[in-house]
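Structure first, then comments.
So you know, we letter chains A, B, ... as the sequences are listed, proteins then strands, and number each from 1.
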Number of protein chains: 2
Amino acid sequence: MDDQSVGVPPTLASVAELAGVSRQTVSNAINNPELLRPDTLERVLGVIANVGYTPNRAARQLRSGSSHLIGLRFDPPQEHTANALMDRFLHTLVQTTRATGHHILLFAGAAGDPLDGYDDLLRSTAVDAFVLTDTYTGTPQAAWLQERGAPFVAFGRPWDDPEASHSWVDVDGGAGVAQATDHLIGAGHTAISWLGWEASSRIGEDRRSGWQRRMDEAGLPTHGLAERITDNADAARLAAHQQIDNGASAFVCASDTMALGVLQALAERGLSAGTDTGLVGFDDSAAAQIVGLSSVRQPLEQVAVEVVAALHDILDEPSGDRTGLVLTPTLVVRRSSSA
Amino acid sequence: MDDQSVGVPPTLASVAELAGVSRQTVSNAINNPELLRPDTLERVLGVIANVGYTPNRAARQLRSGSSHLIGLRFDPPQEHTANALMDRFLHTLVQTTRATGHHILLFAGAAGDPLDGYDDLLRSTAVDAFVLTDTYTGTPQAAWLQERGAPFVAFGRPWDDPEASHSWVDVDGGAGVAQATDHLIGAGHTAISWLGWEASSRIGEDRRSGWQRRMDEAGLPTHGLAERITDNADAARLAAHQQIDNGASAFVCASDTMALGVLQALAERGLSAGTDTGLVGFDDSAAAQIVGLSSVRQPLEQVAVEVVAALHDILDEPSGDRTGLVLTPTLVVRRSSSA
DNA sequence: CACACCTCCTTGAACGTTCCAAGTCTAGCT
DNA sequence: AGCTAGACTTGGAACGTTCAAGGAGGTGTG
């Protein structure tokens with residue numbers, strides 16, 4: 001209202017003076033409106049809107065103890081495929097937390113130390129909770145945070161520790177691959193090959209199990225049809241050539257990267273994916289969308305929503321004994337697997 | 001040291017008591033170590049390390065006025081290509097700000113309102129500065145923030161307003177395309193086609209200018225060789241067929257998406273990129289790496305570093321009259337353009 | 001020997017909010 | 001009219017840090 005509005009930001013006290021009430025009343029108008037008489041509330045809110053007042057986050061955090069920030073360690077991707085996935089997940093995370101008044105704080109840590117960064121943020125009370133996204137086999141973050149009593153939710157299940165009692169959300173990779181396998185079986189393929197990662201990858205073996213299960217259920221042979229290779233288009237190309245020599249007519253892959261390698265192998269032999277052969281990848285990457293590759297799509301948006309919901313439970317009711325949640329991916333059918 | 005270390009986090013006062021000094025001395029040990037006598041400093045730092053003290057961010061922010069947070073609006077990508085780019089940029093941003101003690105705060109805004117979200121963070125003094133990444137044609141963020149006196153650095157130059165005096169960093173798309181064109185000319189191609197976006201795209205026209213310039217300098221014709229289409233593989237595929245009919249033997253594209261469309265067109269004709277024809281995309285996407293597509297790579301890591309440097313200048317010396325900086329991309333040569 | 005001076009450290013206040021306990025006012029009851 | 005319950009409002013204190021002054025101790029100088 002006055003010209004003092006420029007330069008000096010409005011504070012609770014200045015709003016109170018303008019509205020002719022006390023600081024606490026203004027605070028209540030914001031945090032507990034039901035405590036005020038309607039006319040008082042209206043007057044106070046009017047002044048707030050007028051001068052454009054927004055509570056100072058630092059002061060609020062200092063007094064109330066909560067920062068309304070969610071920490072997420074954002075490391076450079078280790079695998080090629082991780083990029084785009086994280087992107088979709090992160091977008092939804094930011095969108096969803098908006099509704100709860102939280103923001104996402106990204107931090108980095110020393111490359112070799114998976115725990116680096118968490119400690120500082122925790123001790124400086126900079127964040128209310130963490131979201132873990134890199135809980136692969138053997139990562140110590142979850143146990144470490146839990147031991148410390150820090151609130152967090154993990155994207156990825158605790159493979160190593162079935163006793164873990166923290167909240168987590170994960171995607172059922174096996175179910176996704178099972179869908180893909182069904183799809184190819186339904187199209188008449190009987191020699192369906194699996195191209196996956198090394199057996200040391202828990203996620204990779206989970207995905208492979210979906211193929212194995214469906215092949216077994218359909219009474220189809222799997223011996224010699226599974227290849228465990230590195231996540232690399234060229235390795236997949238070579239493996240595909242070999243599988244084709246062995247009579248394979250369709251492929252389910254643990255990643256789009258591999259599927260694109262298969263696509264090359266098919267092209268080199270003058271075969272066409274979708275007519276002569278069937279091919280399904282995993283992750284529904286941008287490349288898959290462009291080249292018309294069928295792919296298993298993880299419900300990352302839904303994962304993010306569930307992560308936020310779990311976070312909300314933890315922060316609001318400390319007793320919330322929410323634990324694991326497994327979501328099912330969907331199969332996106334494109335040219336590479338449909339005639 | 002004591003068993004009180006569990007539960008109650010150490011504070012400046014508790015550290016001071018343990019070290020036998022005053023609060024301020026502990027504060028100085030952290031922020032102005034040169035003010036302390038060496039032995040006192042050592043003793044205080046010892047206690048700090050012992051009890052695992054980290055200054056409370058809220059209190060520090062409240063008193064000093066700076067949050068050590070950099071705000072970045074993280075909207076769902078409008079264009080397909082934007083994803084991976086943002087990812088690389090963001091990773092380096094997080095890494096680089098780590099050294100300066102800053103963190104990245106991601107926030108979302110209402111879809112229709114490009115200004116939404118900035119205001120609240122500014123008024124609540126939640127962030128020290130912003131990084132803008134969506135400064136396309138006609139976006140009002142930069143002008144709005146500047147008017148408000150808010151510190152920020154933009155990734156992307158102010159095409160519309162050459163008078164703008166804020167700091168920005170951008171990539172010279174024209175120079176990148178010029179490199180690609182040179183490369184194809186050097187390989188013996190004379191009929192090099194340009195596949196780009198609609199003329200309304202400032203960035204698109206900037207890139208196209210690099211092709212135009214080099215073709216002119218080499219005395220090669222460009223008439224009828226430029227196509228302006230939507231950023232879409234299928235549109236590019238169709239355009240490529242037409243250009244091939246017209247005698248084009250090489251393509252420079254404004255995006256990898258388009259280049260992949262061209263790749264399909266070539267395959268459909270039994271032509272091989274790299275031997276019969278030359279093809280270069282833009283952005284060095286994951287797909288380009290997988291299929292062996294030559295592409296212009298933006299120096300996003302370097303952009304992020306420069307953005308942080310500019311930010312540092314602004315925050316530390318308010319007079320710093322740093323303005324624009326244009327970085328040059330590099331050409332990554334792969335099979336699609338080399339025999 | 002007193003004075004100023006430098007070095008090192010300490011004390012009180014303040015940042016803007018929310019919690020706590022106590023205060024004022026209105027209305028209802030006897 | 002006096003008293004009380006309830007609804008609403010108030011002022012003081014506290015969160016943990018940094019800023020601005022000020023104080024203790026020693027050393028050099030007239």
- prompt: Can you find a side chain N or O atom of A:T11 that sits less than 4.0 Å from OP1 or OP2 on C:dT17?
  reply: yes

query: Over how many whole Å does the gap from B:R60 atom CZ to C:dA14 atom C1' extend?
result: 17 Å

message: Side chain of A:Q24 only, heavy atoms from C-beta on: which candidate in D:dT18, D:dT10, D:dT17 is closest?
response: D:dT10

- prompt: For the side chain of A:Q61 and the base of D:dC15, is some donor closer than 3.5 Å to an acceptor across the two?
  reply: no

message: Please confirm whether the shortest side-chain N or O distance from B:R63 to OP1 or OP2 of C:dA14 is below 4.0 Å.
response: no

query: Which of parallel (below 30°), tilted (30 to 60°) and perpendicular (above 60°) describes A:F107 and B:H103?
result: perpendicular

field: Contact under 4.0 Å: B:S27 side-chain N or O vs D:dT18 OP1/OP2
entry: yes

- request: With the side chain counted from C-beta on, respond yes when A:L72 and A:L90 share a heavy-atom pair under 4.5 Å apart, and no when they do not.
  value: yes

Can you give me the N/O atom pairs linking the protein to nucleotides 7-9 of chain D at distances under 3.5 Å, or say none if there are none?
| from | atom 1 | to | atom 2 | distance (Å) |
| --- | --- | --- | --- | --- |
| D:dT9 | OP1 | A:T40 | OG1 | 2.8 |

Spacing between B:N56 atom CG and D:dT17 atom C1', to the nearest angstrom: 8 Å

query: Does a distance-only test, which skips hydrogens and angles, find a donor-acceptor pair under 3.5 Å between the side chain of B:R23 and the base of C:dG12?
result: yes

field: Sequence-distant partners of A:H68, ring pair (Phe, Tyr, Trp, His ring centres under 6.0 Å), two or more places apart
entry: A:H102

message: Side chains of A:R148 and A:D119, heavy atoms from C-beta outward: is any pair under 4.5 Å?
response: yes

- request: Just say parallel, tilted or perpendicular for the rings of A:Y118 and A:F130, cut-offs at 30° and 60°.
  value: perpendicular

